[in-house]
Amino acid sequence: MIYILKPGELTLKRGNRAGFERILIRNLRTLLALRGLKGAGERVETTGGRYFVHCPQEAVPQAEDALNHLFGISGWARTRSCEKTVESLLAACVEEGKTLYGQGLRSFKVEARRTDKSFPLDSYGICARAGEAVQEALPEFKVNVRSPQAVIQVEIRERTYVYGMTRRGLRGLPVGTAGRGLLLLSGGIDSPVAGFRMASRGMGLDAVYFHAFPYTGEEARQKVIRLADIVGAYSLGIRLWTLGFTEVQRRIKAGTPEEWGTVMLRMAMMEAAEKLARRIRATCLITGESLAQVASQTVENLSCTGSLTGLPVLRPLIGTDKEEIITLSRSIGAYETSILPYPDCCVLFSPAHPILRGRVGEAQRQYRSLDLGPEIDTALSGAVMEKCGLRFPDYSRGGK
Ligand code: ATP
Ligand code: MG
């Protein structure tokens, strides 16, 4: 099987397109190799702004799973490659027409690109002849140039390619072109989606999870590992750092007025995350916060929680409503895991009446008086790291 890939947004990069392309191809090779496609180096071919992936028929599920996890392409398609003669080309177009018709599509047009000018027909000639040939073979499959249900694409290059239905790519930019961020990953719905969103802009990810054992059990941690696996499959892996936060939480509970509890905990998470980020050379923090979703996410409280860190705090879901977040969560395959009912540490310690509009000055005073530095340092020195996102389904049993 040969796949054709269409580049996405990187076509907008002028001067540094080559650099983006290099990373895109490297990522593609890694995704193929991770799925056991050996010799991934030779499988990927680039010419004239298109990328081709070659793979044996039995490795189709692996290859397609890799393509479905690659940021930086706007679409991909299975192609038919044929001899560079008019007869072979027309026969391939008819075959493609039959496939599309078999999928229930009832109108089509042909689009052609010819970079090899020695081919006897020009683009217009190819479209006309192929259209006729398909119509003759399938009288019910109608030509519709304005709004066809299907497009049969022909490319005449060093080989001849014919392809129909194009699958939508993940778009975005290749991971590794926009630095590295540290994602605050809880077991909820939002933070995995936030990580996915940043990876879609080319950012590599590490993640930190604050665990409050025994208030939150091993199941909760396993759930977060699973979520890191899911997001990491798109970001070429995630290092997940688990930090024990029980002492920090106890100190907050004992030492602050109840209504400030959640804001104090968020500030402590930010402080610990910043320290970890600097150690692992991540240059920003990422959270799943969404404006006004819960009490701790009012503008005022977000100002409090972000007020102690010198790193940018990226909140890619800030203006996204919950339904949209859920749709995204389902589309990346995280939702079913996110809704497993193991409580997060924050739920157990949340006050009944949290402060809604905390003032930054007061938040900082409260926070300083807690003097959490030693507990945070202890949490950091006991951090456990796991590499996630690099495990894949057993394709021999039909893939996922
Ligand atoms: P999520 O669905 O991501 O858990 P949420 O709607 O439950 O978010 P909060 O619990 O208020 O919202 O958490 C806000 C953000 O704080 C999360 O999106 C996440 O980035 C971070 N966060 C919360 N709890 C933890 C935790 N235990 N470990 C790491 N990060 C956390
Ligand atoms: Mg949460």
Side-chain angles (χ1 to χ4, degrees), residues 179-188 190-191 194-195 198 205-213 215-216 221 224 239-289 294-315 318 344-351 354-355 358-385:
R180 168 163 295 275
L182 178 60
L183 170 68
L184 281 76
L185 182 63
S186 69
D190 307 321
S191 45
M198 294 318 300
L205 299 176
D206 271 60
V208 58
Y209 166 57
F210 299 102
H211 190 46
F213 191 81
Y215 302 102
T216 49
R221 201 179 75 88
V224 174
R239 285 184 304 178
L240 172 67
W241 302 84
T242 299
L243 265 59
F245 236 43
T246 315
E247 266 327 295
V248 171
Q249 301 231 58
R250 282 205 188 115
R251 288 284 308 281
I252 291 173
K253 185 135 179 91
T256 17
E258 196 192 332
E259 71 267 25
W260 276 97
T262 311
V263 171
M264 291 301 116
L265 176 57
R266 290 281 177 276
M267 288 173 85
M269 285 182 180
M270 289 288 185
E271 186 182 345
E274 171 168 18
K275 284 187 170 160
L276 176 62
R278 293 194 189 279
R279 203 187 279 175
I280 61 177
R281 296 182 193 282
T283 52
C284 62
L285 305 180
I286 303 161
T287 77
E289 289 159 316
V294 289
S296 60
Q297 296 171 20
T298 60
V299 173
E300 292 82 355
N301 286 352
L302 291 175
S303 310
C304 294
T305 48
S307 70
L308 289 177
T309 164
L311 292 178
V313 180
L314 306 184
R315 300 179 171 98
I318 198 71
D344 187 15
C345 57
C346 322
V347 178
L348 300 175
F349 284 84
S350 352
I355 195 148
R359 294 230 191 106
V360 174
E362 194 182 345
Q364 291 192 350
R365 258 195 312 282
Q366 298 257 13
Y367 187 76
R368 292 222 170 82
S369 74
L370 283 168
D371 187 24
L372 294 171
E375 281 77 14
I376 286 180
D377 289 341
T378 308
L380 281 165
S381 57
V384 174
M385 190 272 276

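In this text the structure is predicted, and so the values were computed from the model without any measurement.
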Calculate, to the nearest 0.5 Å, the distance between atoms [atom1] and [atom2] belonging to [X] and [Y] respectively.
X      : Y      : atom1 : atom2 : value
Ile376 : Ser381 : CD1   : OG    : 12.0 Å
Lys253 : Leu265 : NZ    : CG    : 11.5 Å
Leu240 : Leu205 : CG    : CG    : 11.5 Å
Arg279 : Trp241 : CZ    : CH2   : 7.5 Å
Ile355 : Gln366 : CD1   : CD    : 8.0 Å
Leu370 : Met264 : CG    : CE    : 7.0 Å

Can you name the salt bridge (charged side-chain N to carboxylate O under 4.0 Å, His left out) partners of [X], sequence neighbours left out?
X      : result
Glu247 : Arg250
Arg221 : Glu218, Glu386
Asp206 : Arg180, Arg239

Please examine the side chains of [Y] and [X], heavy atoms only from C-beta on, and report whether any two atoms are closer than 4.5 Å.
X      : Y      : value
Tyr209 : Thr216 : yes
Tyr367 : Leu372 : yes
Gln249 : Phe210 : no
Val224 : His211 : no
Met270 : Leu308 : no
Ile318 : Leu302 : yes

* Structure fact -> For Thr305, the side chain to side chain donor-acceptor pair (under 3.5 Å) test, sequence neighbours excluded, returns none

* For Asn301, enumerate each residue passing the side chain to side chain donor-acceptor pair (under 3.5 Å) test, keeping only those at least two apart in sequence or located in another chain. => none

* For Arg278, which residues count as a side chain to side chain contact (heavy atoms under 4.5 Å, CB included) partner, sequence neighbours excluded? -> Glu274, Leu311

* Go through the structure and list residues passing side chain to side chain contact (heavy atoms under 4.5 Å, CB included) with Ser307, not counting sequence neighbours. =>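 By the side chain to side chain contact (heavy atoms under 4.5 Å, CB included) rule, Ser307 matches Met267, Val360, Gln364.
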
* Distance-only, no hydrogens or angles: does the Thr287 side chain make a donor-acceptor pair with backbone N or O of Leu184 under 3.5 Å? -> no

What heavy-atom pair brings [X] and [Y] nearest, and what distance separates the two atoms?
X      : Y      : result
Leu243 : Ala383 : CD1-CB, 3.5 Å
Ser186 : Ser191 : N-OG, 3.0 Å
Val248 : Ala268 : CG1-CB, 3.8 Å
Gly288 : Asp190 : O-CB, 3.2 Å
Gly358 : Cys304 : O-SG, 3.5 Å

* So which pairs with a foot in residues 298-307 pass salt bridge (charged side-chain N to carboxylate O under 4.0 Å, His left out), sequence neighbours left out? ->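 Of all non-adjacent pairs touching residues 298-307, those that pass salt bridge (charged side-chain N to carboxylate O under 4.0 Å, His left out) are Glu300-Arg357.
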
* Restricting to pairs with a member in residues 363-384, which pass salt bridge (charged side-chain N to carboxylate O under 4.0 Å, His left out), not counting sequence neighbours? ->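 For residues 363-384: Arg251-Glu375, Lys275-Asp377.
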
* **Identified side chain to side chain contact (heavy atoms under 4.5 Å, CB included) partner of Cys284 from the options Thr309, Val313, Leu314, Leu183** => Leu314

